[in-house]
Amino acid sequence: MTRANDHSDYKGTKLTFQNLELSRQLFGEHNNHLQQIARSLKVDINARGNTVMIAGDQLASSLAEKILKQLYGLLKAKYPVYPPDIDYAIRLLSKDDTAQLKDIFLDTVFVTAKKRIITPKSRSQKDYIDAMRNNDIVFGVGPAGTGKTYLAMAMAVSALTKGEVNRIVLARPAVEAGEALGFLPGDLAEKVDPYLRPLYDALHDMMRYEKVSGLMNQGIIEVAPLAFMRGRTLNDSFIILDEAQNTTSEQMKMFLTRMGFSSKAVITGDITQIDLPSGKKSGLIETKKILMGIKGIEFVLFSKTDVVRHRLVQDIIKAYEDLEESKNKKTDSDFQS
């Protein structure tokens, strides 16, 4: 790959990639990847053969150059680059132009039954993966769509596959537990199933349906409401508590004290989406106050910039944050007046 600036026939930056086939993959079908970068950074990018020409604001052009070089490096390392990866790369390097995509994107967590490679897509996701590798209890806290539960599930399945644990236990609080739950049709399993469905969905995304069913029948994978954890000690297990913002202080303490020997626990939640009854404090919020600083426990905080769902999800989260901020300002103004 070579670079030349301010040629007599072109005022801007030229990049020539040595491998023609890889450059085609980098540019995308009909140069879609290049157009994606150009739109995001508001620069002009044109391609001829395996050469790219970038023109526009100097800082934006420099960033586009870094993105293209690093994505090309991923392709050389056999990492397939898709449109969402372009978005993640733009976000990462826009936030920190010293970041190295290969250190994040090439950290394979698990390869699914459909041969899809699960890797972190942001700096926070990479920190989260490393935290799970190096600590026995990890809290992943942040907005929806940041990969908290999905990556925890991938780490759990990977640990089970490698024989690092003997089983996976997935728990979720059923916020409507009690009288309201009784109005739902069916037996107890059918009543709580809707609360656990997202965990099943993540499992089936990583493993074949027949494999998941077999492991569940053997008790190697267990998906259960949080209340079912009471009175148990879980050894040699990878335990995930999802939607932990909807646990009470007592429930959180109960869950954390279920851990036995050679086990890991990952607790995920979004403190902006608490559905507990009025007057009930979230156990997730309390944990940060009382457990922060204990060796072997780590908190990883995600933000809207870590969202890895549809691009609009990030915009939606920001819109709600802006609304909440405006409400708070109005409340402060009313109070002062």
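No hydrogens, no waters, no symmetry mates; every other heavy atom, side chains included, goes into these values.
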Is a salt bridge present between [X] and [Y], judged by a nitrogen-to-oxygen distance below 4.0 Å?
{"X": "D97", "Y": "K66", "value": "yes"}
{"X": "R91", "Y": "D87", "value": "no"}
{"X": "K121", "Y": "D85", "value": "yes"}
{"X": "D270", "Y": "K148", "value": "no"}

Hey, does [Y] have a side-chain heavy atom less than 4.5 Å from the side chain of [X]?
{"X": "R116", "Y": "D205", "result": "yes"}
{"X": "K281", "Y": "E286", "result": "no"}
{"X": "V223", "Y": "L203", "result": "yes"}
{"X": "S40", "Y": "I37", "result": "no"}
{"X": "L151", "Y": "Y128", "result": "yes"}
{"X": "M153", "Y": "L170", "result": "yes"}

Between [X] (side chain) and [Y] (backbone), is there a donor-acceptor pair under 3.5 Å?
{"X": "K102", "Y": "L74", "answer": "no"}
{"X": "S158", "Y": "A154", "answer": "no"}
{"X": "Y72", "Y": "N19", "answer": "yes"}
{"X": "S262", "Y": "D236", "answer": "no"}
{"X": "Q36", "Y": "P83", "answer": "yes"}
{"X": "R258", "Y": "R232", "answer": "yes"}
{"X": "Q251", "Y": "A227", "answer": "no"}
{"X": "N235", "Y": "F261", "answer": "yes"}
{"X": "N31", "Y": "L34", "answer": "no"}
{"X": "H204", "Y": "Y209", "answer": "no"}

Consider only side-chain heavy atoms of I, L, V, M, F, W and Y, link residues closer than 4.5 Å, and tell whether [X] and [Y] are in one cluster.
{"X": "V111", "Y": "V157", "answer": "no"}
{"X": "L26", "Y": "Y82", "answer": "no"}
{"X": "L59", "Y": "L63", "answer": "no"}
{"X": "L71", "Y": "I117", "answer": "no"}
{"X": "I271", "Y": "I137", "answer": "yes"}

Is a side-chain donor-acceptor pair under 3.5 Å present for D107 with T119? no

Between S124 and S122: side-chain donor-acceptor atoms closer than 3.5 Å: no

Given the rule in the side chain to side chain contact (heavy atoms under 4.5 Å, CB included) test, do R48 and M53 qualify, once you have shown the distances and angles that lead to the verdict? CA-CA 8 Å; R48 184 179 301 165; M53 293 159 283; 4.2 Å; yes

Fit a plane to each ring of F27 and F17, take the angle between them on a 0 to 90° scale, and name the class: parallel (under 30°), tilted (30 to 60°) or perpendicular (over 60°). perpendicular

Could you label the plane-to-plane angle of the Y88 and F105 rings as parallel, tilted or perpendicular, counting under 30° as parallel and over 60° as perpendicular? perpendicular

Are more than 12 heavy atoms, taken from residues, nucleotides or ligands other than R133, located less than 6.0 Å from that residue's CZ atom? yes

I290 atom CD1, neighbour heavy-atom count above 12 within 6.0 Å: yes

As a quick check of understanding, evaluate side chain to side chain contact (heavy atoms under 4.5 Å, CB included) for V212 and Y200, giving each step before the final call. CA-CA 9 Å; V212 173; Y200 288 114; 5.7 Å; no

Evaluate the side chain to side chain contact (heavy atoms under 4.5 Å, CB included) criterion for residues V266 and I239: first the C-alpha distance (whole Å), next the side-chain angles of each, then the deciding distance (0.1 Å), finally the verdict. CA-CA 6 Å; V266 180; I239 316 153; over 6 Å; no

